[in-house]
S.K.: 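Take a look at this one; I'll ask things after.
Every value quoted in this text rests on a predicted model; they were computed, and no experiment measured them. First the proteins, then the strands, lettered A, B, ... as listed; each starts at 1.
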Amino acid sequence: MLTIKNIVKEYAAHRALDNVSMQVKKGSIFGLLGPNGAGKTSLIRIINQITAPDNGEVWFDGERLGPSHIHRIGYLPEERGLYKKMKIGEQMLYLAQLKGMSKQEAIQRCKYWFEKMEMTSWWGKKVEDLSKGMQQKVQFVATVLHRPDLIILDEPFSGFDPVNVNVIKEEILALNKDGATIIFSTHRMESVEELCDYIVLLNKSKKIMDGSVRDIRNTYRTNTYRIVYMHTDQAIKTNANLFIIDQQNTDGETGSLTVKVADGKTINEVLAFLIPQVTIQELKEVIPSIHDIFVQQVTSPSQHTLSNSLYE
Amino acid sequence: MNKIWLIIQREYSSRVKKKSFLLVTFLVPLFFIGAYALLFFLTKDSFENKHAQVQVLDESGFVRDGLRNNSNVTFINAIGTSEQAKNHISTAKKETYLLIVPKDVLNSQRIELYSSTKASFTIQEIISNQIEGIIRNQALKSAGIDINLLETIRPHVSISARELTAEGEKDSSTGAAMGIAISLSIIIYVALFLYGTQVMRGIIEEKTNRIIEVVISSVKPFQLMIGKIIGIGLVGLTQFALWIVLTLGLSSVTGTLMSPANDHKQGTEHVDQAGVSAKIMDAMKTVDFTRIIGYFLVFFIGGYMLYSALFAAVGSAVDNETETQQFTFPIIMPLLFTYILSFGVLINDPNGTLAIWLSMIPFTSPVAMLVRIPFGVSDWQILLSIVFLVAGFVFTTWVASRIYRVGILMYGKKASFKEIFKWFRYRS
């Protein structure tokens, strides 16, 4: 769908994108993740042809990205808004027509979406008469009205209320099922982790990691498990050849162990060692979240104090 | 191209549909016609309906015989002494005057006028005019000059001003030209400023509403900017067209309403009035209004394109209207400068070096050339000025679009001239 090759974008004093490449597969949900200032919005603006890269190429469906692709992209910017004094219906038609739709078709699509999102009665209202939540829905409809093949959502859930977040998440998944490719851009990685098939992590203008969510997490598995058991008064015997206990807690009836399995051993062997001692209630592999992985990646010891300021 | 058309449509219709647009469009001509009608009726009232009785106490012995009644004033002899007459005046119900002409009026040239109400300016004028004449005649007589002979020697030279041009001779009237030049200067200055500011406001609105990024993901920043400029320009032209049509329509209506009253006017004052307005009408006839309106439109469009582009650049650079001041002032400076000069140097010396230079520089020519045109400017100068103006607005639009494309995406950054210059140099 989208191939980005060695993109460089420079502003007067700093380099916003430094030799960034990536590939977005057709029909996928793609996460563009990274802290604020990593270069996400700069990259999105290049894909939307709002700005041009200083170096590098963008290919859209096998063609060099050009003006003919504008109407195939739907973009929900981080900074979003509508004409306050303009009626919702007129506004939708205007934005759809700017994306190259005929007026007839735009009216049809508007009706479809207004019915689907239960907002038919808003047609003649002005934006300033709508609540924030309503405006967010309108904004989303404006993004997808022209049936884009590629939908780019920059910080899509910031500013949306929880009810709308769910409504919109569902709509996004439905659109994806119908064949649209989705790019999520956000600094709140946990919010899209479960949605994305594939992610790219940007930090300080550079790509630091990319891959499918599962692959990335697998790479960062530490063979650590959390075991919950019925509490007993007897101390649990350990075996350093088999595992190391990271953490041990007791909470009334139950106790929990976080163990790191020794190299060359398996969790089954650990369990076999423990089962004679305690009654096991629960077992779960501790897999680092994308967020944890990211922090781990960008935080070298010297940067340690900075890591908190990356997130706000 | 199709998209620019969509943008023009939106910019145009969203403004034309506003109540304030309709209000301004209909109220402005109504206001002017109303003011004109009011002035007409007020003056008519003072000339026609004003009638006063003037009691004359003539101590000089020669003034009373010379006073002549007219439609506004009736002179009668005062009864009794000056004290009695004054008492009579203070109790009078109608507008009554007491005119006391002292014995030595010939030398002192002073008379006294008492009135029951506030003394009307018209009555004072009539009395002083008549008495001046009487005293003059008296003085002439005592100097031994034959008045009848003097009356016959009254040379009156009338100047028939004619302008010689390549097209032959035509009537020229400097007075009318001055009036028109000043009106044109005011109208174009106000219009350029007003519509330029509208462009700037529109852009700030898009920026503060955060819709800008949605729109420029669909169209190029340049398309949005030029669409907005053209759309608002068309709003301006629509307003001018409606004003011209409405003013013509309304004035013909009010004209017919007033004309019956005109016929009843009598008296010497009226004759003078009619004489003045006839002169004005004659002078106006020497002015080629279609030509002037045509050039006005050309220079309005050119000047508007030039200045609104600069206003657009300012709008893109700021986050709210309060920040615009420091940028709009330097932009509007040349125009303001020419506007102020147009009331002095430019109308007094419309073909002077300064006037010619200012009418060639694109930043000042919309005002300067329009001030010069009523006095007559050669075609090649107008053409050259238009060519420069077109080149000027192509240049400012180019500069503005380079600032605009960067500025509209900048939020929360306090813009300075240095910063803006940096934006200008960014590669696209």
S.K.: Tell me, out of A/P67, A/P77, A/A142, A/G74, who's got the most heavy-atom pairs with chain B below 4.5 Å.
M.R.: A/P77
S.K.: Can you list every ring pair (Phe, Tyr, Trp, His ring centres under 6.0 Å) pair that touches residues 63-117 of chain A, not counting sequence neighbours?
M.R.: A/F60-A/H69, A/F114-A/W123
S.K.: Going by side-chain hydrogen bond (donor to acceptor under 3.5 Å, both in side chains), name the residues that satisfy it together with A/K126, two or more places apart in sequence or in a different chain.
M.R.: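 If we apply the side-chain hydrogen bond (donor to acceptor under 3.5 Å, both in side chains) test to A/K126, skipping adjacent residues, there are no hits.
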S.K.: Which distance, rounded to the nearest 0.5 Å, do you find between the CE of A/M86 and the OG of B/S14?
M.R.: 6.5 Å
S.K.: Please rank A/R45, A/E90, A/Q49 by heavy-atom pairs under 4.5 Å with chain B and give me the top one.
M.R.: A/R45
S.K.: Between B/R405 and A/I50, does the side chain to side chain contact (heavy atoms under 4.5 Å, CB included) criterion hold? Intermediate values first, please.
M.R.: CA-CA 9 Å; B/R405 78 209 152 116; A/I50 291 171; over 6 Å; no
S.K.: Which atoms of B/S217 are under 4.5 Å from chain A, going by heavy atoms: the side chain, the backbone, both sets, or neither?
M.R.: both
S.K.: Side chain from CB out, backbone as N, CA, C, O: work out which of these in B/V219 comes under 4.5 Å of a heavy atom of chain A, or both, or neither.
M.R.: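 It is the side chain, since no backbone atom gets that close.
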S.K.: By a 4.5 Å heavy-atom criterion (distance strictly below it), what part of A/Q91 contacts chain B: side chain, backbone, both, or neither?
M.R.: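 The answer is the side chain of A/Q91.
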S.K.: Would the number of heavy atoms belonging to other residues, nucleotides or ligands and lying under 6.0 Å from CZ of B/F417 be above 12?
M.R.: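 Yes, because the 6.0 Å sphere around CZ of B/F417 holds more than 12 heavy atoms from other groups.
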S.K.: Verify the neighbour count for atom CZ of A/R72: are there more than 12 heavy atoms of other residues, nucleotides or ligands below 6.0 Å?
M.R.: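 It does: A/R72 CZ has more than 12 such atoms within range.
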S.K.: Any side-chain heavy atom of A/L95 within less than 4.5 Å of one from B/V215?
M.R.: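 Yes, at least one pair of side-chain atoms sits under 4.5 Å.
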S.K.: Quick check: under 4.5 Å, non-hydrogen atoms only, which of residues 16-32 of chain A neighbour chain B?
M.R.: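 So no residue qualifies.
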S.K.: With a 6.0 Å cut-off (strictly less than), is the heavy-atom count around CD of A/Q104, excluding the residue itself, greater than 12?
M.R.: no
S.K.: Could you name the residues of residues 200-213 of chain B that have a heavy atom within less than 4.5 Å of a heavy atom in chain A?
M.R.: B/E205, B/E206, B/N209, B/R210, B/I211, B/E213
S.K.: Of the backbone (N, CA, C, O) and the side chain (C-beta and beyond), which part of B/K18 lies under 4.5 Å from a heavy atom of chain A, both, or neither?
M.R.: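 Nothing of B/K18, per the 4.5 Å heavy-atom cut-off to chain A.
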S.K.: Among A/L98, A/I70, A/I73, who wins on heavy-atom pairs under 4.5 Å with chain B?
M.R.: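 Between A/L98, A/I70, A/I73, the count favours A/L98.
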S.K.: For A/E78, is it the side chain, the backbone, both or neither that has a heavy atom under 4.5 Å from a heavy atom of chain B?
M.R.: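 Answer is neither: A/E78 stays 4.5 Å or more from chain B.
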